[in-house]
Amino acid sequence: MTEANMPAPAMRFMRGEPTEEEIAAVSAVLTLVLAEEGARAERSEPANVSAWTHSQRAIRPVVRPGAGRWRGFSG
C-alpha cells in the first residue's frame with residue numbers, strides 16, 4: 001500500500017515520539033473508557049419517557065419532625 005492509499009490514523013499524537021508500547025497503552029485506555037461509556041449509555045433511562053413517568057417524582061422534600069423544623073408551617 002502506498003502512503004496515499006493508507007487510511008487516516010485513528011489517533012494522532014501532536015508532540016513527542018511515542019513508542020509502540022506507549023501507543024498501545026493509550027489505545028487500550030481509550031478503548032476501555034469508550035466501552036464503559038457505551039455500557040453506561042445502554043443502562044441509562046430511555047429518552048422517550050412518558051409524561052406519566054415524569055409525574056411520579058416527589059412533590060416536595062420529606063418533612064422531618066424536630067425542634068425548629070416546623071417554622072414554615074402556617075396551618
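For residues 12-30, there are no salt bridge (Lys or Arg N to Asp or Glu O under 4.0 Å) pairs, not counting sequence neighbours. Pairs passing the side-chain hydrogen bond (donor to acceptor under 3.5 Å, both in side chains) check and including a residue from residues 26-36, sequence neighbours excluded, do not occur.
Other members of the hydrophobic cluster containing Val26, listed by chain and number, are Met11, Phe13, Ile23, Leu30; membership follows side-chain contacts under 4.5 Å among ILVMFWY residues, whether direct or relayed. The hydrophobic cluster analysis finds Leu34 isolated: no Ile, Leu, Val, Met, Phe, Trp or Tyr side chain comes under 4.5 Å of it, directly or through other members.
Contacts of Glu37 classified as salt bridge (Lys or Arg N to Asp or Glu O under 4.0 Å), with partners at least two apart in sequence or in another chain: Arg40.
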